[in-house]
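In listed order, ligands and their atoms are each counted from 1. For clarity, every value in this text was computed on a predicted model and none was experimentally measured.
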Amino acid sequence: MIDRLGRPLRDLRVSVTDRCNFRCTYCMPREVFGRDFAFLPRADLLTFEEIARLVQAFVAEGVEKIRLTGGEPLVRANLERLVAMLAALPGVQDLTLTTNGSLLAAKADTLRAAGLRRVTVSLDSLDDAVFARMNDVGFPVAAVLEGIEAAAAAGLGPIKVNMVVRRGLNEQSVLPMARHFRERGQILRFIEYMDVGHSNGWRLEEVVPAEELLAAIDAELPLVALPPNYPGEVADRWRYRDGDGEVGVIASVTRPFCGDCTRARVTAEGQLFTCLFGVRGHDLRTSLRDGTTDAALRERIRSVWSVRSDRYSELRSAATSALERVEMSHIGG
Ligand code: SAM
Ligand code: SF4
Ligand code: SF4
């Protein structure tokens, strides 16, 4: 099954909650996501059984990779039960999770035992003051590093670490992060700060282009380009010239990759989005709750994907930036 631009459906990101224990300023700024913010009520969230049924339908339509995300996925109670249900589905070739790492030290072993294959951990600095300013809840770096080590020890590796770089905030952290993760054989990926949602007040001047980041690293630790692991990989990969270690850049602002975008996203309340910058989702929860058959559910997915023509990042402009958009914490990145 392909969309209007010839792109097959291969990956699915499932958000399991819109809540988070961090308030990263680029994602859930506390002025917006404060005490009075109306998070989804429990009854609106898809149950684990509903998620598993949906994932099965997506797998039948060609999805091979599943990533659980949020909000913070590990704040959803008993997530390991969902992991076990998804790991048991035939056709799921890769099952991973993106987390802020805060609860990983406690949960890595159970997640691995439930069948999780790998994790991606987000960490924006090794400097406590910088990190606290970015997560805005004063969360210490050491606790995230502990989570990463626990995940590695549990066999959830190789661990990928995502670092969002925002000009004026954490550029100084780029080289220390590169050195640290290189020494541990963990893959660091720099993510250009994106204009997802509206609440972060994104400005182009705050984006540090991947080119600039790579040049800064290359000056200290020379890099050699690596070929993609598979067609459509979103990260451009590099290895260090003098030995082991890999870094990547996800340059969605300066080098958009919409042409290879094979990814669907489902929010915690069962809205299907065909683009990270989608204006509105397609409700799948009703179909999951009104007796719709599996065949009809698959037909619904096909009917959305086959007419998809999204390429927001390639078209990014003042006009598109002004459009209404879903928040990152809602869609899961
Ligand atoms: N809470 C988990 C975490 O932080 O890893 C999973 C959800 S989070 C929305 C997924 C990823 O999106 C994280 O790596 C985060 O750094 C990234 N992200 C959030 N807002 C972003 C933005 N405005 N630009 C680029 N990346 C962003
Ligand atoms: Fe939470 Fe992840 Fe968003 Fe940070 S990036 S606020 S950890 S959902
Ligand atoms: Fe895919 Fe939309 Fe991102 Fe382009 S902007 S790569 S279509 S999610």
Please determine if E50 and R53 form a salt bridge, counting it only when a charged side-chain N lies under 4.0 Å from a carboxylate O.
no

Under a 4.5 Å side-chain heavy-atom rule over Ile, Leu, Val, Met, Phe, Trp and Tyr, are [X] and [Y] clustered together?
| X | Y | value |
| --- | --- | --- |
| V63 | F273 | no |
| I159 | Y240 | yes |
| I148 | V141 | yes |
| Y312 | W305 | no |
| V208 | V164 | no |

N/O/S atom of C20 under 2.8 Å from atom 1 (Fe) of ligand 2, yes or no?
yes

Can you tell me if, anywhere in C275, an N/O/S atom lies at a distance from atom 4 (Fe) of ligand 3 that is smaller than 2.8 Å?
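Checking C275: none of its N, O or S atoms is under 2.8 Å.
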
For the pair F33 and F37, name the ring-plane relationship: parallel under 30°, tilted 30 to 60°, perpendicular over 60°.
tilted

Just which atoms of ligand 1 are under 4.0 Å from any heavy atom in [X]?
| X | value |
| --- | --- |
| N200 | 23 (N) |
| N100 | 2 (C), 3 (C), 5 (O) |
| T69 | 6 (C), 7 (C) |

With a cut-off of 4.0 Å, which atoms of ligand 3 are near a heavy atom of [X]?
| X | answer |
| --- | --- |
| Y312 | 5 (S) |
| S313 | 5 (S) |
| F277 | 5 (S) |

Do any heavy atoms of [X] fall under 4.0 Å from ligand 1?
| X | result |
| --- | --- |
| C24 | no |
| E192 | yes |
| G332 | yes |

Non-hydrogen atoms of S329 versus ligand 2: any pair closer than 4.0 Å?
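The answer is no: ligand 2 sits nowhere under 4.0 Å from a heavy atom of S329.
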
Regarding atom 5 (S) of ligand 2: of the candidates P29, S122, C27, which has the closest heavy atom?
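Considering heavy atoms of P29, S122, C27, the nearest to atom 5 (S) of ligand 2 sits in C27.
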
Ranking V164, N100, T17 by closest non-hydrogen atom to atom 7 (S) of ligand 2, top hit is N100

Looking only at protein heavy atoms, which one is nearest to [atom], and how far off is it?
| atom | value |
| --- | --- |
| atom 20 (N) of ligand 1 | Y26 CD1, 3.3 Å |
| atom 9 (C) of ligand 1 | M328 CG, 3.5 Å |
| atom 24 (N) of ligand 1 | M194 N, 2.9 Å |
| atom 26 (N) of ligand 1 | V164 CG2, 3.4 Å |
| atom 4 (Fe) of ligand 2 | C24 SG, 2.3 Å |
| atom 14 (O) of ligand 1 | S122 OG, 2.7 Å |

Tell me whether [X] has any N or O atom under 3.5 angstrom from an N or O of ligand 1.
| X | answer |
| --- | --- |
| E72 | yes |
| G71 | yes |
| T99 | yes |
| C20 | no |
| Y193 | no |

Just verifying a value: how many Å separate [X] [atom1] and [Y] [atom2], rounded to the nearest 0.5 Å?
| X | Y | atom1 | atom2 | result |
| --- | --- | --- | --- | --- |
| E212 | T254 | CD | OG1 | 10.0 Å |
| Q56 | E61 | CD | CD | 12.0 Å |
| E246 | R189 | CD | CZ | 9.0 Å |
| D195 | N200 | CG | CG | 8.0 Å |
| M194 | I250 | CE | CD1 | 8.0 Å |

For ligand 1, indicate whether the residue T98 contacts it via side chain, backbone, both or neither (heavy-atom separation under 4.0 Å).
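Looking at T98 and ligand 1, atoms from backbone and side chain both fall under 4.0 Å.
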
Taking the non-hydrogen atoms of R265, is any one of them nearer than 4.0 angstrom to ligand 3?
yes

Just wondering, do L123 and F181 contact through their side chains at under 4.5 Å, heavy atoms?
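They are in side-chain contact.
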
Distance under 6.0 Å and angle within 45° of the ring axis: does R166 meet both against Y26?
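No - R166 does not lie over the ring of Y26 by the 6.0 Å and 45° rule.
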
Counting each atom of ligand 2 from 1 as listed, which ones have a heavy atom of G71 under 4.0 Å away?
8 (S)

Would you please test R7 and D310 for salt bridge (charged side-chain N to carboxylate O under 4.0 Å, His left out) and show each step?
CA-CA 10 Å; R7 299 167 298 187; D310 309 275; 5.1 Å; no

Verify side-chain hydrogen bond (donor to acceptor under 3.5 Å, both in side chains) between N162 and S122, making sure each step is shown before the conclusion.
CA-CA 5 Å; N162 278 356; S122 306; 4.6 Å; no

